[in-house]
**Student:** 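Right, I'll just put the structure down here and ask away after.
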Amino acid sequence: MERKEINASIAIQVLPNVVGNEEIVRVVDEVIEFIKSKGLKMNVAPFETTIEGNFDELMEIVKECQVVAVKAGAEGVMSYVKINYKPKGDILKIDEKISKYNR
């Protein structure tokens, strides 16, 4: 499948409505695995996961993250999303933002 241009970067923090830290981590891990399955450039950090790609594709992933969390056992979910969108592409990419810190 041909990838569309990278015109967006989205950071998502999923907070499942579950009891206990172990359960939070379990549900969040399922959401991260779902995101990872999409094969996009991503970066997992302590508070959020950042993905980059085509805006429309990323927004579908954000939408589905809610469903994945509920299917994993969360009664509900709150998510915080940051969006960097540039219709003509040329966004500041993940590697450009953090590679100097990961040497």
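Hydrogens, waters and symmetry mates are skipped; everything else that's a heavy atom, side chains included, is used.
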**Student:** Side chain to side chain donor-acceptor pair (under 3.5 Å): which pairs involve residues 83-97, sequence neighbours left out?
**Tutor:** K41-D95

**Student:** Kindly indicate whether the side chain of L15, heavy atoms from C-beta on, has any atom under 4.5 Å from the side chain of Q13.
**Tutor:** yes

**Student:** Enumerate, atom names and distances included, each donor-acceptor pair closer than 3.5 Å involving a side-chain atom of residues 46-55, sequence neighbours excluded.
**Tutor:**
unit_1: E48; atom_1: OE1; unit_2: K82; atom_2: NZ; d: 3.3
unit_1: E52; atom_1: OE1; unit_2: I94; atom_2: N; d: 2.9
unit_1: N54; atom_1: OD1; unit_2: D56; atom_2: N; d: 3.0
unit_1: N54; atom_1: OD1; unit_2: E57; atom_2: N; d: 3.3

**Student:** Show every ring-ring contact (aromatic ring centres under 6.0 Å, His included) that has at least one partner inside residues 6-31, sequence neighbours left out.
**Tutor:** none

**Student:** Check the side chains of S79 and Q66 for a donor-acceptor pair under 3.5 angstrom, ignoring hydrogens and angles.
**Tutor:** yes

**Student:** Is there a path of hydrophobic side-chain contacts, each under 4.5 Å between heavy atoms, that joins V18 and I12?
**Tutor:**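 Hydrophobic grouping puts V18 with I12.
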
**Student:** If you count heavy atoms of other groups shown closer than 6.0 angstrom to CG of N102, is the number above 12?
**Tutor:**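 It does: N102 CG has more than 12 such atoms within range.
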
**Student:** Working note: S9 + L92, criterion side chain to side chain contact (heavy atoms under 4.5 Å, CB included); need CA distance, chi angles, decisive distance, verdict.
**Tutor:** CA-CA 8 Å; S9 179; L92 190 58; over 6 Å; no

**Student:** For residues 23-30, which side-chain N or O atoms pair as donor and acceptor with protein atoms under 3.5 Å away, sequence neighbours left out?
**Tutor:**
unit_1: E23; atom_1: OE1; unit_2: R26; atom_2: NE; d: 3.1
unit_1: E23; atom_1: OE2; unit_2: R26; atom_2: NE; d: 3.3
unit_1: E23; atom_1: OE2; unit_2: R26; atom_2: NH2; d: 2.6
unit_1: R26; atom_1: NH1; unit_2: E30; atom_2: OE2; d: 2.9
unit_1: R26; atom_1: NH1; unit_2: A72; atom_2: O; d: 3.2
unit_1: R26; atom_1: NH2; unit_2: A72; atom_2: O; d: 2.4

**Student:** Please report the closest heavy-atom contact between G76 and V70, naming both atoms and the distance.
**Tutor:**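 Reported closest heavy-atom pair: CA-CG2, 4.5 Å.
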
**Student:** Does the side chain of L58 reach to within under 4.5 Å of the side chain of L40, using non-hydrogen atoms?
**Tutor:**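 In short, these two side chains touch, coming nearer than 4.5 Å.
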
**Student:** Should V68 and V81 be regarded as members of a common hydrophobic cluster, given that ILVMFWY residues are connected when their side-chain heavy atoms come within less than 4.5 Å of each other, either directly or indirectly?
**Tutor:**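 Both belong to a single hydrophobic cluster.
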
**Student:** So if you build clusters from Ile, Leu, Val, Met, Phe, Trp, Tyr with side-chain heavy-atom gaps below 4.5 Å, do M59 and I32 land together?
**Tutor:**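 Yes, M59 and I32 fall within the same hydrophobic cluster.
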
**Student:** I'd like to know if V77 and V44 are part of one continuous hydrophobic network [Ile/Leu/Val/Met/Phe/Trp/Tyr, side-chain heavy atoms within less than 4.5 Å].
**Tutor:** yes

**Student:** Among residues two or more places apart or on two chains, list those pairs meeting salt bridge (charged side-chain N to carboxylate O under 4.0 Å, His left out) that have a residue in residues 64-78.
**Tutor:**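 As it turns out, there is no salt bridge (charged side-chain N to carboxylate O under 4.0 Å, His left out) pair with a partner in residues 64-78 once direct neighbours are skipped.
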
**Student:** Taking only residues at least two apart or on different chains, which pairs with a member in residues 4-36 satisfy ring-ring contact (aromatic ring centres under 6.0 Å, His included)?
**Tutor:** none

**Student:** Please examine the side chains of M78 and V14, heavy atoms only from C-beta on, and report whether any two atoms are closer than 4.5 Å.
**Tutor:**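 No, every pair of side-chain atoms sits at 4.5 Å or beyond.
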
